[in-house]
K.L.:
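Below is the structure I would like to discuss, written out as structure tokens.
Residue numbering restarts at 1 for every chain, and letters A, B, ... go by the order of the sequence lines.
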Number of protein chains: 2
Amino acid sequence: MVDAIPPRSEVLGCPVRGRGTTLRSACATCAGHPTSRQECFGPRTPLFLEGAAASHVVAVVSGCLREVRTTPDGRAQAVRLVKAGELAGTEALVGRPYDSTLESLTRVRVCVVPAPEVLAHLDRYPEAWRALHRDACGALQAVRETVLRIGLQSAEDRIFALFEELGSDVPRGRWFQLPLNRIEIGELLSLAHATVSRTIGRLVERGLIQVRGRKIRLLDRRD
Amino acid sequence: MVDAIPPRSEVLGCPVRGRGTTLRSACATCAGHPTSRQECFGPRTPLFLEGAAASHVVAVVSGCLREVRTTPDGRAQAVRLVKAGELAGTEALVGRPYDSTLESLTRVRVCVVPAPEVLAHLDRYPEAWRALHRDACGALQAVRETVLRIGLQSAEDRIFALFEELGSDVPRGRWFQLPLNRIEIGELLSLAHATVSRTIGRLVERGLIQVRGRKIRLLDRRD
DNA sequence: CGCTTATTTGATCTTGATCAATGGTAGTGG
DNA sequence: CCACTACCATTGATCAAGATCAAATAAGCG
């Protein structure tokens, strides 16, 4: 679904492949190493906040995050998942404030680059704009998908579709790990957590999935 | 909210201001005039269809359109409104099929340009990429707003927020024309048309708006 | 005027929200 | 090892917001 991550980010102009020995695996507290901007964050860490002045662009090397918005009364609505190879916070490139909060779901490795550096790179290598626009189209498509789900699918359909998306890179029938708990699934699909739980139970009863804690398996039964 | 339309589209590299005497106001059937790509379409006309190979980018000169997706069982979900100065179908620039159907709501004047020409223009004037990305960010923000609305606002809030958006460029208290009928409002906000009608009635009762047919007026009453 | 389409309104039903309690599991420290 | 805590998941009972189905007006428009 998503192109493989290039060894060097086309858009950011910085190394983005996580395995190289020269790359620093800095953790939350030790940002700003001059030779590499790769950083790691634990799960449930906000990387930037909605409404804040946008200064950096984030490229995901590994792990899974979400874009989420919060209402004054404390309810949250997740807008899309951001996965390896994708960008977030590109509002920074056009001088807008961040539109939504970016928050890690799993442990993540990301590349955080100041907007002026990204722009300088784009100036030097105009081909990079194309990759940026490809990413923007992908993001747009993902958010449209979110609209479709919460707009006209039933709770059961939404949850099953989400599981299919989350498991799209593992072979059908193989167990995999959900990066979200029930509450976060609810915030993404606009369902109460109790409804999520009940609905998952119904999917299990109907033989469409199997669940063990946060591990899950999609079965082949067509209905 | 949206930048004024430049006399010549930064992104498309073609004249985009509608009033010039040299511009042709072609109508649906007479596309393809070589000296100008400006065209007019009546209301409720699809300009491109979701899933089709994307060949052209559309810039809106005047009028209002919507991006909409349809399910196999015939229900529709609108994803965002597209207004003057905005683009649609930029998937064409990265070789993806159209992600959603673009359909006029009012009579519209648009600039329809083949993707290769847009790309050629972007090659010549790399600054245009920045304008394209600004547009993409705006589109993303609009779709996120749609998610927020249908995700966690009540029917009343959704409808009132939509009316505020539609009336954002007329002074508060002035009458203006809704470009959508009740069914289309429902498709945008994920509500049944009967609910839309009832809810509008409730807003009128509460003194928040006045309605005469498809003309509407937002009152200042705070609640 | 008569036709079509849009809107309003009513009656009833469903889905999922909400509130609240219970059970599980992992981690921590004595 | 166990008690204690914190978080997560499940389950039950009840309720309300909208959906759905159906019919009656109203509004355009040839």
K.L.:
Can you list, by residue number, the residues of residues 181-189 of chain B that have a non-hydrogen atom closer than 4.0 angstrom to DNA chain D?
P.N.:
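Residues of residues 181-189 of chain B under 4.0 Å from DNA chain D: none.
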K.L.:
Can you sort out the partners of A:Thr71 under side chain to side chain donor-acceptor pair (under 3.5 Å), two or more places apart, ordered by chain and number?
P.N.:
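A:Thr71 satisfies side chain to side chain donor-acceptor pair (under 3.5 Å) with A:Asp73 once adjacent residues are dropped.
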K.L.:
Tell me: NZ of A:Lys215 to P of D:dA9, nearest whole Å?
P.N.:
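Checked: the NZ to P distance equals 14 Å.
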K.L.:
What is the distance from CD1 of B:Ile200 to C1' of C:dT9, rounded to the nearest Å?
P.N.:
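Rounded to whole Å, this separation is 14 Å.
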K.L.:
Without swapping roles, check the side chain of B:Glu91 against the backbone of B:Ala54 for a donor-acceptor pair under 3.5 Å.
P.N.:
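No; zero donor-acceptor contacts below 3.5 Å.
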K.L.:
Can you list everything that forms a ring-ring contact (aromatic ring centres under 6.0 Å, His included) with B:Phe163? Sequence neighbours excluded, please.
P.N.:
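Listed in chain order: nothing, the list is empty.
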K.L.:
Is there a donor-acceptor pair closer than 3.5 Å between any side-chain N or O of B:Tyr98 and the backbone N or O of B:Ala92?
P.N.:
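Side chain of B:Tyr98 to backbone of B:Ala92, a donor-acceptor pair under 3.5 Å: no, none is there.
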K.L.:
Sugar-phosphate atoms are those with a prime plus P, OP1 and OP2; base atoms are the rest. Using that split, label each nucleotide of nucleotides 11-21 of chain C B, S or - for protein heavy atoms under 4.0 Å, 5' to 3'.
P.N.:
B----SSB---
K.L.:
Apply side chain to side chain contact (heavy atoms under 4.5 Å, CB included) to A:Glu165 and A:Glu145, showing your working.
P.N.:
CA-CA 11 Å; A:Glu165 182 189 332; A:Glu145 215 55 55; 5.5 Å; no
K.L.:
Would you mind reading off the distance between B:Asp157 atom CG and D:dA17 atom P, rounded to a whole angstrom?
P.N.:
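One finds 12 Å between P of D:dA17 and CG of B:Asp157, rounded.
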K.L.:
Output all residues satisfying side chain to side chain donor-acceptor pair (under 3.5 Å) with B:Arg182, sequence neighbours left out; order by chain, then residue number.
P.N.:
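B:Arg182 satisfies side chain to side chain donor-acceptor pair (under 3.5 Å) with no residue once adjacent residues are dropped.
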K.L.:
Assign a letter to each nucleotide of nucleotides 24-30 of chain D from its 5' end: B, base within under 4.0 Å of a protein heavy atom; S, sugar-phosphate only; -, no contact.
P.N.:
-------
K.L.:
Rounded off to whole Å, could you give me the CZ-to-P distance for the B:Arg212 and C:dT7 pair?
P.N.:
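Checked: the CZ to P distance equals 16 Å.
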K.L.:
List, one per line, each side-chain donor-acceptor pair under 3.5 Å for residues 193-202 of chain B, sequence neighbours excluded.
P.N.:
residue: B:Thr199; atom: OG1; partner: B:Thr195; partner atom: O; Å: 2.6
residue: B:Arg202; atom: NH1; partner: B:Glu156; partner atom: OE1; Å: 3.3

K.L.:
Could you work out, with side-chain contact (heavy atoms from CB on, under 4.5 Å) as the rule, every residue matching B:Asp157, not counting sequence neighbours?
P.N.:
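Residues passing side-chain contact (heavy atoms from CB on, under 4.5 Å) with B:Asp157: B:Gln153, B:Ser154.
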K.L.:
Can you pull the ring-ring contact (aromatic ring centres under 6.0 Å, His included) pairs that have at least one residue in residues 63-91 of chain A, sequence neighbours excluded?
P.N.:
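Those involving residues 63-91 of chain A do not exist here.
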K.L.:
Is the side chain of A:Thr146 donor-acceptor paired with the backbone N or O of A:Val79 at a distance under 3.5 Å, no angle test?
P.N.:
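Yes; at least one donor-acceptor contact below 3.5 Å.
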K.L.:
Taking A:Arg66 for its side chain and A:Ser104 for its backbone only, find out whether a donor-acceptor pair lies under 3.5 Å.
P.N.:
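No, because the side chain of A:Arg66 does not come within donor-acceptor range (under 3.5 Å) of the backbone of A:Ser104.
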K.L.:
Sequence neighbours excluded, which residues qualify as side chain to side chain donor-acceptor pair (under 3.5 Å) partners of B:Glu50?
P.N.:
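None.
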K.L.:
Report for the helix from C:dC1-D:dG30 to C:dG30-D:dC1: angle between first-end and last-end helix axes, five pairs each, rounded to 10 degrees.
P.N.:
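Answer rounded to 10°: the end axes differ by 40°.
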K.L.:
Can you list everything that forms a side-chain contact (heavy atoms from CB on, under 4.5 Å) with A:Thr90? Sequence neighbours excluded, please.
P.N.:
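Partners of A:Thr90 by the side-chain contact (heavy atoms from CB on, under 4.5 Å) criterion, ordered by chain and then number, come out as A:Val57, A:Leu87, A:Leu93, A:Leu132, B:His133, B:Cys137.
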